[in-house]
Amino acid sequence: MRNFTTILIHIITIIPLVKCIDLTTRPISSIKDENDKPTPDFPFTTVIDILSSNVQFSTFLRMIQRSGNVNHLNDLQNFTLFAPVNSAFADYDKNFDISSFDINDYVIHERILHTDNLINNTMIIYTGVKYPFVVGQSWDRMTKAHFKINKIPIVEPNLIPNFQNATVHGILNTLEEPRSLSDVIITQSEILHEEMDITFHNLIGLVNKIPNSDQLSEGNTIMIPSDDSFNKQFNSVEIKYLMDSYNNLDRMQRPVREKWIEHMISLYNNLIFKGIHGGSTNHTEVLKNMNNDIVSFKSNMLGTHHNSNISDTSSLVSNEIFNWGVSHFYEDLSILNNGISFDAENYLHGLNCSGFVSEMYFRGLENMIQIQDGNDDKMTIFVPDANQNDGMGFTKSTLLYHFVNGQLWLEEDFPILSKGESYTKLLESAFCSSEKKLGNNCQRTKITKKDDGYWINGRLKVTLSKPYVIGNKLIYTFSGDLTTPSDLILSVPPFAHCSKSISFLRQLNLLELKPNYEGYTVLLPCYNSWGELSLTMELLERRPEIMEQVMKNFILDKLYYTDLEGHIPDTVNLLGDKVKLDLLDDPTDETNVKLNLNTMLDDITLKKTEDIFFNQGVLQPFQMTDLPKSVNISIKDLIEVTDSTEMINFIENFESITEKLFHHSPNKDIYSILVPTYSSLIFEDININSTKLHDFLDLHILRGNETQGLIDCSDNIITSLGQILECRKLSETESFLKIKGGSDNEVRILKKGCSTWRNSNKNQKACVFLIDRPLSLSWINGYHSHFSFPLIAIATGAVIGVILVMSLFCCVVVVKSGKDPLHRNNNHDDLEQNTTDENDPRRSLLSVDQHNVRNYASQHRMVRTPNSSISAQSHHSVNNTSQLNRIPTNHSKNASQAYSANSTSNPIDVSPPKTH
Ligand SMILES: *[C@@H]1O[C@H](CO)[C@@H](O)[C@H](O)[C@H]1NC(C)=O
Ligand SMILES: *[C@@H]1O[C@H](CO)[C@@H](O)[C@H](O)[C@H]1NC(C)=O
Ligand SMILES: *[C@@H]1O[C@H](CO)[C@@H](O)[C@H](O)[C@H]1NC(C)=O
Ligand SMILES: *[C@@H]1O[C@H](CO)[C@@H](O)[C@H](O)[C@H]1NC(C)=O
Ligand SMILES: *[C@@H]1O[C@H](CO)[C@@H](O)[C@H](O)[C@H]1NC(C)=O
Ligand SMILES: *[C@@H]1O[C@H](CO)[C@@H](O)[C@H](O)[C@H]1NC(C)=O
Ligand SMILES: *[C@@H]1O[C@H](CO)[C@@H](O)[C@H](O)[C@H]1NC(C)=O
């Protein structure tokens, strides 16, 4: 009997398989014929009987037995059981943990599934099951099965017991617990990437990043959009933000993180449709997503692909089961960005500036980068481009300084420039809270357009001239750190040559200004102003009270920026004097701004947009030509600074000259004077007893209306003696004077300084010019004829002169033959080095040593004549002999050159030694 049963079982198992093979050519509808009711000959009554009577299910049955589910199955009614055949358990060994086996994985409760219902159909069964099942018609070539459950071929369908209301389907493999949604997407992404180059990484990221995303999807239908869909509906910054591409958001403080998570959830909810939808839909269904948007949904006949009015194409893959729900994959879903909007905060995250955002929150400024109650203020935001300075700790003011009110379109708002040009705009930043220092004013920032792009405050390069636009806000990135303007001293650019003025401010303790609740404008003499007025500068250094008077005149209350137009309100300088500023309009001059101050004698010219911002206001560097009106400096003050104070005695020797130079009244001419250095006076043998002293002084005195000519180095400067001087300008700092029509000798102007005297004639100015040696009366053609010379003196002078010249000549010959030309050249270079070094402020020009005298001689072709040497010797014999002995050989060459160059006209035509 037992053997007979076994054989029968075999037959029974084989019959349907054989049938199946036959059926491949027949319509599916005819499968059921044989299997519909079991043969009455075999009294199989229960599901367990079916399983035990079919050897294919022996492993499965054993597992049911081991897990103690036999009675449970016997007691069940109205169910469908899927029974894997033995081969499904090939991998299971004896140590298989039976507790992991759950019979409910294989049972559909309250439903008797017959494959008849699956013809041309796909069903998603989600009630009465532990996990959803997708069952439907799907041809499997390997097993020749027509139907599948969860992609597993149903190899032995529709086994029906007599005494139990149930069906049993033999399936090829075990039914696995469905995987998580992200695993399902990963798998599909891989497959579809291979087949169609479509990926779903963004959604995988989203599902993984949203906390408890399973809870949202549980029991629901998810439509999965591809990465292309993301790229179509969001820009890269938005995607980077949503996807937290820089891995910043996860670590942010709670409000920031939660805002982002909400955003992601809101996006995700667009894709989640309530309930399980899929398989074959007879008619167009209407689905509602978690954001209550309505879409239509319809399948093809088989239920394997779905169309919806949120996608132009039907689903790529449908009915993918996950735990717990069903997903459909689309290339594009227009609903993806429904109701998703962004603000500047989101964009900053997308630009890897989360650190910046974090600081904004920390300082309570986050509403500046958000849309508040639908208000989106127009604003331009400059942010550091990389996040490498994460948490570098912006102060509140620094953060605000990154914002500019209004929209600045770099490409549109700046003029088109030709090569080498630049254009600067001064903008008000949102840093307006420095009440004590700047009053109600906002600290400014500069944007400069140059050949190579746009620069913030001249230092920080804007990465791209095209902004990120989000609502009414524009975002530009730049490289580097943007800090608010700092102390005055740190704000001054080193190349503006303002150091002298800064050092004056430091000496006067004016680098820190008292808070005045409206800000300061500091007019700062720069561009080497003090070098031009070096005598004045030295006077200021000696007399701090004058220095204070000058500098405090230049510090004004209130802010004046060079882009200000129209009326400028009156202000007060640091001395408490009222200052009236007038803008002198010159529409033709686009680079300069001319200001007239009632406290200044001359107008002040400022370079437009060269304003320098500092924490207490603005610095306006300018080229100072004159001192403020309230400063009182006389010619005598200036001469005293030269150390050639001997000149004062000379002047005071003559009442008329004293009156001219030292006494000043508004209706009288004023005069300038050329002052030779002290040592050169001695050298030239000018003293108080000189008979020609009056003439000598007059040769050095100019009427006030000639002063400007000398300052400008023109070539028709009339002296009080009536001689005309010619000025030759070699460079900015070097100018030379000679007597027009006189000898070729030149004197060099070393320094100048001007008194503050003025008279009714605007053209008159009284200044002091320090020259390296006196203009000699002897250089005037025909001047000597006024004098009578003792013949012996001339003869002696001539003889000694000749001897000296001869010995010098010998010297030169010896030296010349002993030197190679290269070496000479070097020495020559050394000399030139020396010349330029004379401008070095570290060197005192007042004390001209003998070495310098020789330098002047060689540079200015000044000839040391025999006669003057003798006269010098006669007065300073010890000094001069030693000096002559000390003449280095390299100078002798220059001396001889000088001599030979002028020998034709000069050596004989010399000033005579002092007559007794
Ligand atoms: C099976 O289904 C029938 C009809 O729906 C119902 O009357 C019966 O109670 C069910 N049996 C069980 C055990 O649920
Ligand atoms: C068998 O179960 C099905 C599905 O639950 C039910 O519709 C049918 O009425 C049941 N038949 C009997 C005899 O209980
Ligand atoms: C199933 O679809 C095929 C092809 O469209 C058709 O020929 C057949 O009649 C359909 N069967 C049923 C039962 O609707
Ligand atoms: C589905 O459509 C078929 C014919 O296409 C029809 O016979 C059947 O009643 C429909 N079922 C539903 C639930 O609309
Ligand atoms: C899609 O269809 C539904 C139902 O007809 C409709 O309410 C919805 O507005 C449609 N959506 C789109 C994007 O066309
Ligand atoms: C000038 O002359 C006076 C008297 O004649 C004499 O005392 C004085 O020393 C002389 N000064 C110079 C510099 O020669
Ligand atoms: C300065 O004034 C004098 C006298 O009025 C005049 O002769 C001279 O030409 C003037 N010089 C200049 C440069 O105007």
Side-chain angles (χ1 to χ4, degrees), residues 23-33 114-123 135-139 146-147 157-158 221 223 225 229 232-233 269-271 273-275 277 279-315 328 330 332-340 660 667-673 698 701-727 737 740 758-767 769:
L23 281 170
T24 54
T25 51
R26 286 192 277 162
I28 293 165
S29 51
S30 56
I31 314 169
K32 55 183 175 183
D33 294 354
H114 199 282
T115 55
D116 277 4
N117 304 324
L118 299 178
I119 295 164
N120 288 353
N121 192 12
T122 303
M123 274 163 47
V135 286
Q137 179 177 326
S138 175
W139 171 244
H146 291 269
F147 305 97
N158 306 329
T221 305
M223 299 208 193
S229 185
K232 194 170 150 190
Q233 297 185 46
N269 279 343
N270 275 339
L271 307 172
F273 294 85
K274 294 168 190 168
H277 306 278
S280 303
T281 60
N282 243 348
H283 51 98
T284 301
E285 289 182 31
V286 171
L287 313 188
K288 204 185 232 184
N289 71 7
M290 300 296 266
N291 291 328
N292 292 322
D293 300 315
I294 302 221
V295 308
S296 68
F297 187 69
K298 190 179 190 307
S299 78
N300 61 357
M301 188 193 68
L302 263 182
T304 49
H305 293 282
H306 296 88
N307 286 307
S308 171
N309 65 351
I310 51 168
S311 180
D312 292 339
T313 52
S314 67
S315 63
H328 310 293
Y330 285 87
D332 184 29
L333 287 172
S334 62
I335 203 165
L336 179 61
N337 63 0
N338 237 27
I340 305 292
K660 264 183 175 178
N667 299 318
K668 206 161 68 79
D669 279 338
I670 51 176
Y671 290 87
S672 290
I673 183 168
D698 268 349
I701 291 171
L702 318 165
R703 194 194 291 267
N705 64 344
E706 303 287 343
T707 309
Q708 196 56 44
L710 188 49
I711 290 173
D712 299 341
C713 202
S714 67
D715 57 1
N716 260 323
I717 302 146
I718 308 166
T719 67
S720 282
L721 192 62
Q723 300 297 323
I724 295 173
L725 301 181
E726 273 179 344
C727 182
L737 281 177
K740 195 170 189 173
R758 285 296 195 277
N759 60 12
S760 50
N761 187 341
K762 266 189 128 183
N763 298 329
Q764 298 211 358
K765 231 176 177 180
C767 300
F769 298 86

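In listed order, ligands and their atoms are each counted from 1.
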> If the cut-off is 4.0 Å to any non-hydrogen atom of S296, which atoms of ligand 5 fall inside it?
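Those atoms are 1 (C), 2 (O).
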
> Return a table of N or O atom pairs, ligand 7 on one side and protein on the other, at distances under 3.5 Å, rounded to 0.1 Å.
{"unit_1": "ligand 7", "atom_1": "2 (O)", "unit_2": "N705", "atom_2": "ND2", "d": "2.2"}
{"unit_1": "ligand 7", "atom_1": "11 (N)", "unit_2": "N705", "atom_2": "ND2", "d": "3.0"}
{"unit_1": "ligand 7", "atom_1": "11 (N)", "unit_2": "E706", "atom_2": "OE2", "d": "2.9"}

> Please check if any side-chain donor atom of N763 sits under 3.5 Å from a side-chain acceptor atom of Q708, or the reverse.
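Distance-only check fails for N763 and Q708.
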
> With no hydrogens and no angle check, just 3.5 Å: does a side-chain donor-acceptor pair link K232 and N337?
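Checked: K232/N337 side chains show no N/O donor-acceptor pair below 3.5 Å.
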
> Looking at K668, is its backbone amide N or carbonyl O close enough to the side chain of N759 to form a donor-acceptor pair, meaning the two atoms are under 3.5 Å apart?
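A pair under 3.5 Å: yes.
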
> Ignoring hydrogens and geometry, is there a side-chain-to-backbone donor-acceptor pair from T281 to S299 under 3.5 Å?
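Flag set: sc T281 to bb S299 pair under 3.5 Å.
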
> Indicate yes or no for a side-chain donor-acceptor contact from S280 to the backbone of T122 under 3.5 Å, with no hydrogens or angles considered.
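Yes, S280 side chain to T122 backbone: donor-acceptor pair under 3.5 Å.
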
> Name all residues meeting the side-chain contact (heavy atoms from CB on, under 4.5 Å) criterion together with S314; count only those two or more places apart in sequence or in a different chain, and write none if there are none.
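S314 satisfies side-chain contact (heavy atoms from CB on, under 4.5 Å) with H305, N307 once adjacent residues are dropped.
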
